[in-house]
K.L.:
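Dropping the structure in here first, questions after.
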Number of protein chains: 2
Amino acid sequence: MTPSPRSGARGDLFDPLCPTRRLLDRIGTKWTSMAVKVLASAAPGELRFAELQRRMPGVSQKMLSVTLRNLARDGLVVRRVEPTVPPRVHYRLTDLGLSLEEVLAAVRDWAEEHMAEIDASGAG
Amino acid sequence: MTPSPRSGARGDLFDPLCPTRRLLDRIGTKWTSMAVKVLASAAPGELRFAELQRRMPGVSQKMLSVTLRNLARDGLVVRRVEPTVPPRVHYRLTDLGLSLEEVLAAVRDWAEEHMAEIDASGAG
DNA sequence: CAGCATCCTATGCGATACTG
DNA sequence: CAGTATCGCATAGGATGCTG
């Protein structure tokens, strides 16, 4: 594959621009993985802003907004606005977003299978 | 599976104690995934502190120390001290750590395959 | 309804200095 | 050698208020 100009060299986890580093920075933020999961559960359908917030207990309007904006900027989510008053805004995962969800599902599976062992090791 | 007392309910990504949330908090920190990868590359052998630092360009003594302490606390890494003067401290991945590396490898694969598309979407 | 702007706090993290 | 202790900065993110 050809790395993008912004990306570090393939496999170079030690480059600050390394894809893995940047991906972890994204999915490591508090609400991203949750938003992707919720949107994936509705795919290929869409969800409106308020509906997303309802399905993501605890998220503030600001952080949901920021999270969705970042996901849209990254091409993982499509934002569709109905020009009504008041406006209705709909979000759905792109194919890229759906493929990310598969990775996140693997992370979830690992966590649910092994987190008890981590706790048993004396974690707080 | 039986969730640990500390863990949230299985599949409940919305519980702050949810395994996935807590795992992402861990692997999302700056040096964790790099340390796991480096240790995995040496598995089943061990690496000393200084050798780890050498293979992780940019990491400070403090952050490597913190990262390794957290990994050891979580049961992902074993710390072995030779009681010499000066001391030699060796680190190796546990089986649990090795299984986490598989998940991280999947994350890396996705990143290296798709990060160019994310960049192409107008990300900064 | 779906946001953006502002303020504030908590925390990750780097730099530096010290120790058994 | 392999840490620990302390300081300071940058940023994630929560609370609140305003707007088209």
Side-chain angles (χ1 to χ4, degrees), chain A residues 13-18 21-35 38-39 42 46-74 77-92 123-124, chain B residues 13-14 16 18 21-35 38-39 42 46-74 77-92 123-124:
Chain A
L13 189 55
F14 314 115
D15 183 335
L17 296 179
C18 154
R21 170 75 269 132
R22 294 170 56 226
L23 177 61
L24 284 171
D25 285 345
R26 283 171 161 82
I27 66 179
T29 62
K30 189 165 184 179
W31 300 105
T32 298
S33 60
M34 195 185 298
V38 168
L39 285 165
E46 300 174 317
L47 290 176
R48 292 178 58 184
F49 188 90
E51 178 64 17
L52 273 163
Q53 191 170 22
R54 233 178 28 79
R55 298 192 190 191
M56 294 167 61
V59 71
S60 65
Q61 241 174 4
K62 170 191 167 181
M63 288 317 297
L64 180 55
S65 177
V66 168
T67 300
L68 290 170
R69 194 190 316 142
N70 289 339
L71 287 171
R73 186 201 59 182
D74 288 347
V77 157
V78 170
R79 184 172 182 272
R80 182 174 68 85
V81 184
E82 280 187 80
T84 56
V85 181
R88 290 155 172 256
V89 184
H90 306 258
Y91 295 90
R92 67 171 175 81
Chain B
L13 189 55
F14 314 116
C18 153
R21 171 74 271 134
R22 294 169 56 226
L23 177 60
L24 284 171
D25 285 346
R26 283 170 161 82
I27 67 179
T29 61
K30 187 165 183 180
W31 300 105
T32 298
S33 60
M34 196 185 298
V38 168
L39 285 166
E46 299 174 317
L47 290 175
R48 292 178 57 185
F49 188 92
E51 178 63 17
L52 273 163
Q53 190 170 23
R54 233 179 25 81
R55 298 193 191 190
M56 295 167 61
V59 71
S60 64
Q61 237 174 6
K62 169 190 167 180
M63 287 317 296
L64 180 56
S65 177
V66 168
T67 300
L68 291 170
R69 193 190 315 143
N70 289 339
L71 287 172
R73 187 201 59 181
D74 287 347
V77 157
V78 170
R79 184 173 181 271
R80 182 174 67 84
V81 184
E82 281 186 78
T84 57
V85 181
R88 290 155 172 255
V89 185
H90 306 259
Y91 296 89
R92 66 171 175 81

K.L.:
Nearest 0.5 angstrom please: A/M34 CE to A/T29 OG1, how far?
P.N.:
10.5 Å

K.L.:
For B/L64 and D/dT4, what is the distance between atoms CG and C1' respectively, to the nearest whole Å?
P.N.:
14 Å

K.L.:
For residues 57-70 of chain A, dump all side-chain donor-acceptor pairs below 3.5 Å to protein atoms at least two apart in sequence or in another chain.
P.N.:
residue: A/S60; atom: OG; partner: A/M63; partner atom: N; Å: 3.1
residue: A/T67; atom: OG1; partner: A/M63; partner atom: O; Å: 2.7
residue: A/N70; atom: ND2; partner: A/V66; partner atom: O; Å: 3.4

K.L.:
Hey, what bend do you get for the helix from C/dC1-D/dG20 to C/dG20-D/dC1 if you fit axes on five pairs at each end, rounded to 10°?
P.N.:
40°

K.L.:
Minimum heavy-atom separation for A/P87 to A/R48, with atom names?
P.N.:
O-NH2, 4.4 Å

K.L.:
Could you give the CD-to-P distance, from B/Q53 to D/dT4, as a whole number of Å?
P.N.:
13 Å

K.L.:
A/R79: which residues meet the side chain to side chain donor-acceptor pair (under 3.5 Å) condition with it, sequence neighbours left out?
P.N.:
A/Y91

K.L.:
Can you check the B/R54 CZ to D/dA2 C1' distance for me, whole Å?
P.N.:
16 Å

K.L.:
I need a per-nucleotide contact map over nucleotides 1-16 of chain C, read 5' to 3'. Cutoff is protein heavy atoms under 4.0 Å; write B for the base, S for backbone only, - otherwise.
P.N.:
BBBS-B------BBB-

K.L.:
Can you sort out the partners of A/R80 under side chain to side chain contact (heavy atoms under 4.5 Å, CB included), two or more places apart, ordered by chain and number?
P.N.:
A/E46, A/E82, A/H90

K.L.:
What residues form a side chain to side chain donor-acceptor pair (under 3.5 Å) with B/R54, not counting sequence neighbours?
P.N.:
B/E51

K.L.:
Please report the closest heavy-atom contact between A/S33 and B/R21, naming both atoms and the distance.
P.N.:
OG-NH1, 4.0 Å

K.L.:
Using 0.5 Å steps for rounding, measure from the CG atom of B/L24 to the NZ atom of A/K30.
P.N.:
13.0 Å

